[in-house]
Protein chains: 2
Amino acid sequence: MSTMLEVAKKAGVSKATVSRVLSGKGYVSEETKRQVYQAIEETGYRPNLLARNLASNTSQCIGLVVTNTLYNGNYFSEILTQAAKKLEDKGRQLILMDGKHSAQEEREAIQFLLDLQCDAIIIYPRFLTTDEMDDIIEQHKQPIMVVNRKLRKHQSHCICCDHKGASFNAARYLIQRGHRDIAFITGSMDSPTAIERLSGYKDALRASDIALQDGLIVPGKWTPASGFSAVEALLNKKISYSAILASNDDMAIGAMKKLNEAGIQIPEKISVIGFDDIPTAPYLTPSLSSVKDPVSEMMGEVINRLIFMLDGGYLSRDNIFTSDLRLRNSVGDGPFK
Amino acid sequence: MSTMLEVAKKAGVSKATVSRVLSGKGYVSEETKRQVYQAIEETGYRPNLLARNLASNTSQCIGLVVTNTLYNGNYFSEILTQAAKKLEDKGRQLILMDGKHSAQEEREAIQFLLDLQCDAIIIYPRFLTTDEMDDIIEQHKQPIMVVNRKLRKHQSHCICCDHKGASFNAARYLIQRGHRDIAFITGSMDSPTAIERLSGYKDALRASDIALQDGLIVPGKWTPASGFSAVEALLNKKISYSAILASNDDMAIGAMKKLNEAGIQIPEKISVIGFDDIPTAPYLTPSLSSVKDPVSEMMGEVINRLIFMLDGGYLSRDNIFTSDLRLRNSVGDGPFK
DNA sequence: TTGTACGCGTTATCAT
DNA sequence: ATGATAACGCGTACAA
C-alpha cells in the first residue's frame with residue numbers, strides 16, 4: 001500500500017500539502033491540487049484510517065454493544081436497522097460489538113470500543129447493572145447512551161420503554177373484556193424487561209381486586225419453544241383460564257401452536273405483549289395482537305442525543321426519555337382492536 | 001487518558017519495558033513486572049488500539065459487509081449470530097459495516113474496512129457483481145470471502161447454496177404429489193438468489209413435461225406483504241392452481257394469510273422455499289414447510305477459510321464450497337414430510 | 001534484564 | 001501557498 005509520502009514525492013510536494021488537498025482545509029493552488037490528485041490516481045493511494053484517527057483523535061465511528069444472544073429475532077435487527085439508518089443520515093459509521101454472554105464480556109466489549117477510540121457508544125445491555133453503567137458513563141469522556149434501562153444518575157443518557165405500563169394496560173384491557181383468570185407467560189427472569197412486564201400484569205389484577213393465582217404464572221425464555229412449553233405446563237396443571245398474556249410475540253406464537261394442537265379455541269383465549277416490529281406478526285393469525293414497541297422512535301432519540309453531545313452539548317441530568325408502548329390495531333383484528 | 005509513557009514514568013522504567021510486560025514477549029524481572037502492573041492500576045491506563053494496530057500492522061478485526069436492507073429478518077440475524085460465534089472461538093472481533101443500498105455504497109463499505117486495516121473481510125453482497133468482487137479479491141492482500149455468490153475466478157473465496165437445485169427439488173416434490181398447476185412467488189428479481197430459485201422451478205416443470213404458465217408466476221419482494229399481494233394478484237387473475245411455491249418463508253406467511261382470508265383450504269395448497277433458521281416457522285402452522293438453509297455450516301466454512309489464509313495458507317483456485325439446501329421435516333408435518 | 005531510538009502514516013503547528 | 005517538523009501512542013530491533 002502506498003503512503004502519503006509516496007504520493008507527495010510523485011507530485012513533487014510535501015506530505016503537508018497532500019494532507020491539505022485531501023482535507024480541503026488550507027490553501028492549495030489549483031495546479032498543485034491537480035498534480036496531487038493525479039499522483040493519488042497513479043499510486044492507488046488510500047489513506048490509512050488508523051493513522052488518521054490516531055493523529056486527529058477522532059474516528060467518526062459510533063460503537064454499539066449487543067449480546068449475541070439477542071442477535072436472533074426481529075427485534076434486534078430492527079434496532080440495528082434503525083441505528084444504521086439514523087447514523088447514515090449523520091454521516092457516521094456504526095460498529096457493532098458482540099457483548100457475548102456475561103457482564104464481564106459486556107464490559108470488555110465496551111472497553112474494546114473505547115480503546116478503538118470510538119467517538120461515542122450505544123449500549124443495549126443484557127447483563128450489566130444500571131449502577132455499573134452509571135459508573136461507566138461517569139468515567140469516560142465519550143458520550144454514552146443506554147437503551148432499555150432506566151439509569152439512576154444519568155437519566156438523560158438512557159432511553160426506555162414503559163414496559164410495566166404497557167403490560168398493565170394489556171392486562172387491564174383483558175379484564176375489561178370480562179376475563180378474570182388470565183395466564184401469564186414470563187420472559188427470562190434475569191431480564192429487567194421480563195420483571196417489569198410481570199409486575200405490570202400483577203398490578204393490573206390488583207387494581208381490579210382480582211386475586212393473584214401463582215399457578216397462572218408460567219416461566220418462559222422469550223423463545224417460541226418456551227411459549228409452547230409454558231402452555232403445556234398450564235395444561236398439565238389443569239388450571240382453567242380464559243386468556244393468556246405472553247411477554248413477547250415469539251412466545252405467543254409458540255403458545256398458540258400448543259393450544260391449536262390441544263384443540264382449544266383460540267379467539268379471546270390468547271393475547272400478546274410483543275413488538276410491532278415483527279413484520280410477519282400481523283400476518284400470522286387473526287387472534288394475535290401486539291403492543292407496539294417504538295424502536296425507531298427510540299433509536300432516533302438515542303442518535304440525536306449522541307450527536308448533540310458530540311457537537312459539544314451537555315445533556316441535563318433529569319431529562320429522561322420514556323416512550324410508551326401502545327396497543328396496536330393488529331391487521332388480524334385481535335382482541336386489542 | 002494516560003499513556004504508556006506515563007505508566008513507564010510512574011513505574012520508573014521505560015516504555016519498552018511496559019510494552020514487554022503487556023505483550024508477555026521478552027524478559028522482565030518479576031519485580032519490575034509488579035511495579036508496572038501497579039502503575040497501570042494507579043493510572044487507569046488503557047492501551048490505545050489505534051496506536052497499537054498502526055504500529056503492529058494488524059487489528060485482530062474481521063469486517064463484515066451487509067446491506068442494511070437485509071438487516072431485517074431472521075436470516076440476517078442468523079448470519080450475524082453464526083459469524084460472531086465462530087469468530088469468538090478464534091479470539092477475533094467482528095466489525096459490521098453497512099453496505100447501504102447501492103453497489104457504490106457497498107464498494108465504499110469494503111474500502112472503509114480495508115482502510116481501517118481489518119485483517120480480513122466477509123462480503124454478503126447485494127448489489128456488487130461477481131466480476132467486480134473477483135477484481136476486489138485480486139487487488140487486495142487481505143483475505144476476502146464472499147457469501148451467497150458463485151465467483152468465476154476465485155471459486156474458493158466464495159460460499160454458496162444450491163438455490164436452484166433446492167427450488168428444483170421442492171417443485172419436483174409437489175409434482176410427484178400430483179400437482180401440475182403450481183403457482184410461484186418470486187423474490188426481488190434484482191437478486192441472483194431470486195433468479196436461481198425461479199429457474200429451478202421452471203426446470204422442474206420442464207423435466208416433467210409440464211407446460212409453463214406465465215400467469216402462475218407472480219412477483220414478490222421477499223416480504224410478507226408482498227406474498228399477501230401476490231396471492232391477491234393470483235385470485236384476481238382467476239387462474240386455478242393446486243399449490244404455491246414461495247421463494248421464502250416470509251412471503252409464504254403472507255400468502256397463507258391471504259388464502260385464509262379468502263376462505264381457501266390450505267393443506268396441500270401451499271408450500272414454501274425458505275429458511276430453517278426462522279425459529280418461529282415450525283410454530284406457525286401445520287401447512288408451512290421449508291427448505292433448510294445451512295447458514296451455520298456456511299459461516300463456519302467462511303471463517304475457517306479466512307483464518308486459514310490469515311495463518312499464511314493459500315486456497316486452491318477451484319475448491320468451491322457449495323452447500324445443499326435440504327427439505328426439512330417440519331414440526332408442522334407439512335407436505336414435505 | 002533494561003533502555004534507546006526509530007518507524008508506523010497521519011494531522012497539526014509553525015515558519016517561510 | 002507551501003514545507004519542515006513535531007506530535008499521536010505504541011512496537012521493536014538493537015544496543016547496553
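In the text below, chain A, chain B and the rest are named by the order of the sequence lines, each starting its count at 1.
- Computed from coordinates, the A:M4 CE to D:dG3 P distance equals 13 Å when rounded to whole Å.
- Atom CD in B:E31 sits about 14 Å away from atom C1' in C:dT2, given to the nearest Å.
- Checking the phosphate oxygens (OP1, OP2) of D:dC8, no side-chain nitrogen or oxygen of B:T3 falls inside 4.0 Å.
- Rounded to whole angstrom, the span from the CG atom of B:L22 across to the C1' atom of D:dT12 amounts to 15 Å.
- Residues B:E105 and B:S102 have side chains that bring a donor and an acceptor to within less than 3.5 angstrom of each other.
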Item to complete: Give the C-alpha distance, both sets of side-chain angles, the deciding distance and a yes or no for salt bridge (charged side-chain N to carboxylate O under 4.0 Å, His left out) between A:E108 and A:K100.
Response: CA-CA 10 Å; A:E108 284 167 8; A:K100 303 186 181 167; 5.8 Å; no
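- Contact check for B:P47 versus B:R52: side-chain heavy atoms found under the 4.5 Å cut-off.
- No salt bridge links B:D131 with B:K153; every basic N to acidic carboxylate O contact stays at or beyond 4.0 Å.
- Taken residue by residue, residues 45-63 of chain B places heavy atoms nearer than 4.0 Å to DNA chain C at B:L54, B:A55.
- Annotation: proximity of residues 5-20 of chain B to DNA chain D (heavy atom, distance under 4.0 Å) is found for B:K15, B:A16, B:S19, numbered in ascending order.
- The side chain to side chain donor-acceptor pair (under 3.5 Å) test with A:D119 singles out one residue from A:Q142, A:Q93, A:R92, and that residue is A:R92.
- A donor and an acceptor atom, one from each side chain of A:N148 and A:T193, are located under 3.5 Å apart.
- Nucleic acid contact class of A:T32 (heavy atoms, under 4.0 Å, all strands): sugar-phosphate only.
- Side-chain contact of A:S188 with A:S191: a donor-acceptor pair under 3.5 Å is absent, judged by distance alone.
- Side chain to side chain, B:D134 and B:H157 fail the donor-acceptor criterion of an N or O pair below 3.5 Å.
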